[in-house]
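Heads up, the thing below is written out as structure tokens.
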Amino acid sequence: VVPLTEGILRDNVHPNDAGKDMYAAALFDLIEEVAATPPAFSALKSRRQFGAYAISDVSVPGGVYRDFSRAGFREKMLSIPEGGTAEIQLPDRVSITGLIMLMGPTSGTFLIRMGEVGDRMHCYDRHCYYERVGGKPLKPTVSDRITIFQDSALPPEELLKGDKDHGPRAGGITHILYETAVPGSDRA
């Protein structure tokens, strides 16, 4: 610690030449001390944990599944036809933060309920001339249940190539993304 004294300041704020030398020497000593101190990362504990429930590992009464595969990603996908609803029971109460869902020619918009909170997820964009999965966030909501309804509205986006599928909308889900507090942290 370098005390602020009149002898090292030129205008009660900025250091004079002697003050600059004193501050530089103090900074140099501090840098040498930091460089010589072994790091102690054990005190740095994560306060948040993120995870994903594979849809094949949660309870979906009456759920209809299909295999999805693209670019090395292979997973069971819960299919939700137009007008259909999926009631998904999670193993624990977690903060639901997003979904990994189908984006493709027949996808559209999900209407979602988590506990008392409603949300929507648009699962269509201008690249939906082929099937793929995408991850999208939801408003984080603590619940152990998520209900997803496949809306019938035709997405307004125009495709970059190919012809738009005007048939019934059909969505799919592979994972439910979540966050939990680390035990012993101050996060709820």
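Counting from 1, the numbers follow the sequence of the chain as shown.
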Is it true that, when you exclude Asp17 itself, more than 12 heavy atoms of the residues, nucleotides or ligands shown sit nearer than 6.0 Å to its CG?
no
Apply ring-ring contact (aromatic ring centres under 6.0 Å, His included) to the pair Tyr178 and Tyr53, showing each step before the final yes or no.
CA-CA 8 Å; Tyr178 65 89; Tyr53 292 119; 4.4 Å; yes
Taking it one step at a time, do Ile176 and Ile146 satisfy side chain to side chain contact (heavy atoms under 4.5 Å, CB included)?
CA-CA 9 Å; Ile176 297 168; Ile146 180 170; 3.8 Å; yes
Do NZ/NE/NH1/NH2 and the carboxylate oxygens of Lys76 and Asp67 come within less than 4.0 Å?
yes
Arg145 and Gln89: side-chain donor and acceptor closer than 3.5 Å?
yes
Minimum side-chain heavy-atom gap Thr174-Met77 below 4.5 Å:
yes
So, are Glu131 and Arg70 salt-bridged, with charged N and O less than 4.0 Å apart?
no
Would you say the side chain of Asn16 lies within less than 4.5 Å of the side chain of Asp11, judging by non-hydrogen atoms?
no
Would one find more than 12 heavy atoms of other residues, nucleotides or ligands at under 6.0 Å from atom NZ of Lys139?
no
Main chain of Gly98, side chain of Lys136: is a donor-acceptor contact present, judged purely on distance under 3.5 Å?
no
Check whether any side-chain heavy atom of Leu138 lies under 4.5 Å from a side-chain heavy atom of Leu99, and answer yes or no.
yes
Atom CG of residue position Asp163 - does it have more than 12 heavy atoms of other residues, nucleotides or ligands inside 6.0 Å?
no
Chi angles and distances behind the side chain to side chain contact (heavy atoms under 4.5 Å, CB included) call for Phe110, Ile173:
CA-CA 10 Å; Phe110 286 144; Ile173 305 229; 3.9 Å; yes
Please tell me whether Glu179 and Thr97 have a donor and an acceptor in their side chains that are separated by less than 3.5 angstrom.
no
Do the side chains of Leu90 and Ile96 get nearer than 4.5 Å, heavy atoms only?
yes
Can you confirm if the NZ or CZ of Arg132 lies within 45° of the ring axis of Tyr130 and under 6.0 Å from the centre of its six-membered ring?
yes
4.5 Å side-chain heavy-atom contact, Pro81 and Pro168
no
Over 12 foreign heavy atoms within 6.0 Å of CZ, Arg126:
no
Report yes or no: does Lys164 contribute a side-chain atom to a donor-acceptor pair with the main-chain N or O of Pro155 at less than 3.5 Å?
yes
Side chain proximity check, Leu177 to Phe50, heavy atoms < 4.5 angstrom
no
Side-chain touch Ser107/Arg169, heavy atoms, less than 4.5 angstrom
no
Is there a side-chain contact between Tyr65 and Ser79 in this structure, where contact means two heavy atoms from C-beta onward sitting under 4.5 Å apart?
no
